[in-house]
Amino acid sequence: MPNETLSKHLFHSETQPMKWAMRLRVALYLAQALEYCSNRGKALYHDLNAYRILFDQDGNPRLSCFGLMKNSRDGRSYGTNIAFAPPEYSRTGKVTPESVIYSFGTLLLDLLSGKHILPSHALDLIRAKKIQLLTDSCLEGHFSNDDGTELLRLASRCLQYEPCERPNAKSLVNALTPLEKETSVSSLVLLGILDESEPPKEIVPLTPFGEACSRKDLITIHKILERVGYKDDEDVANELSFQMWTDQLQGTLNSKKHGDSAFHAGEFSKAIDFYTQFINGGTMVSPTVYARRCLCYLLNNMAQEALGDAMQAQLISPTWPTAFYLQAVAYFTIGMDIDAHESLKEATTLETIA
């Protein structure tokens with residue numbers, strides 16, 4: 001995660017205080033992350049704090065995995081700051097889903113105050129109606145009283161002494177969603193990493209192949225790869241032409257021939273088997289075989305294997321646009337959109353030069 005932690009941006013910023021809109025976005029995204037984990041049976045998260053929230057390449061807040069208690073059967077955990085721990089943790093030493101909500105409440109206090117404030121002290125200030133002492137003075141005039149009051153109300157509910165009186169993650173998401181109003185503004189801008197006034201980056205127009213890859217249109221990609229054939233393998237094949245009559249090479253070529261037949265017929269699992277025999281034969285290398293097997297893997301929902309083949313094709317033929325195009329499709333499928341766009345840009349540049 002390239003853009004540091006919430007702690008760095010909230011408590012130790014050397015440029016400007018974190019904007020109110022970004023603080024609300026952090027709260028909402030974190031609540032969504034907790035709801036996601038809870039819905040998938042991962043409701044326990046030990047010692048949730050500002051050091052566990054990381055920012056990705058787009059500046060969006062992410063819940064790190066270091067606090068997930070994957071191997072805990074009874075909720076027991078070790079090594080926490082008791083001053084910020086839920087009351088029940090000091091009694092039982094166990095973390096429950098309600099304990100996680102308590103820790104979320106302490107994070108709401110961090111976001112509101114810009115300081116790591118003790119929950120007990122915060123509750124005393126709330127009871128004494130000294131709410132102004134809980135709000136970050138750097139944000140004065142930058143948010144409405146209603147928004148601040150709502151965030152404080154949610155924090156207070158999360159910090160209830162009795163676990164059963166705390167809200168669940170879903171209700172937190174429902175309460176925080178209306179508060180985020182600057183949804184169209186980039187997180188990188190809200191974090192102060194990018195300047196809103198910067199001119200937009202030049203957009204490279206995509207070729208038809210690039211368009212198909214950006215849409216993950218595997219049917220169109222299949223048609224293009226059929227049409228491309230093996231013209232990009234000519235240099236590799238010519239180097240080995242003198243071996244054409246050996247039995248071992250003939251067997252390898254037969255595997256490729258059978259793989260191509262299956263590829264053209266749309267029998268992609270069978271094509272994978274034949275192309276694998278060709279590759280494992282070791283007597284020839286072919287970027288096109290890797291490219292075709294890559295597409296077969298994608299059509300069989302095997303994105304990691306597909307990415308490996310696309311990278312192998314690039315190693316054999318470093319300036320072949322098709323290898324980069326297929327890497328882009330694999331990256332999109334895996335969810336690595338930044339890498340996918342970089343591969344598309346590289347492929348488009350190479351194809352334009354060619």
*Taking only residues two or more places apart in sequence, or in another chain, which ones meet E180 in a salt bridge (charged side-chain N to carboxylate O under 4.0 Å, His left out)?*
R25
*asked:* Measuring centre to centre across the rings, with the benzene-like ring taken for any Trp, is H258 within less than 6.0 Å of F278?
replied: no
*Can the ring centres of H341 and Y331 be said to be less than 6.0 Å apart?*
no
*Any donor-acceptor pair under 3.5 Å linking the side chain of S38 with the backbone of L34?*
no
*Between the side chain of N300 and the main-chain N/O of C296, is any donor-acceptor distance below 3.5 Å?*
yes
In chain order, what residues pass the side chain to side chain donor-acceptor pair (under 3.5 Å) check against [X], with sequence neighbours excluded?
X: K181; value: D147
X: R23; value: D136
X: E182; value: none
X: R293; value: T276, D309

_For the NZ atom on K115, are there more than 12 heavy atoms of other groups (residues, nucleotides or ligands in this structure) within a distance under 6.0 Å?_
yes
*For H121, does the NE2 atom have more than 12 heavy-atom neighbours from other residues, nucleotides or ligands under 6.0 Å away?*
no
*Quick one: side chain to side chain contact (heavy atoms under 4.5 Å, CB included) partners of I224, sequence neighbours excluded?*
F209, T220, R227, V228
*asked:* Using a strict threshold of under 4.0 Å (side-chain N to carboxylate O), is an ion pair present between K345 and E342?
replied: no
*Taking Y29 as the fixed residue, which of V173, N60, L176, L24 is the one that meets the side-chain contact (heavy atoms from CB on, under 4.5 Å) rule?*
N60
*Go through H264 and E226 one step at a time and tell me if the side chain to side chain donor-acceptor pair (under 3.5 Å) criterion holds.*
CA-CA 7 Å; H264 290 303; E226 282 189 305; 2.7 Å; yes
*Can a donor-acceptor pair be found between the side chains of S171 and N168 at a distance below 3.5 Å?*
yes
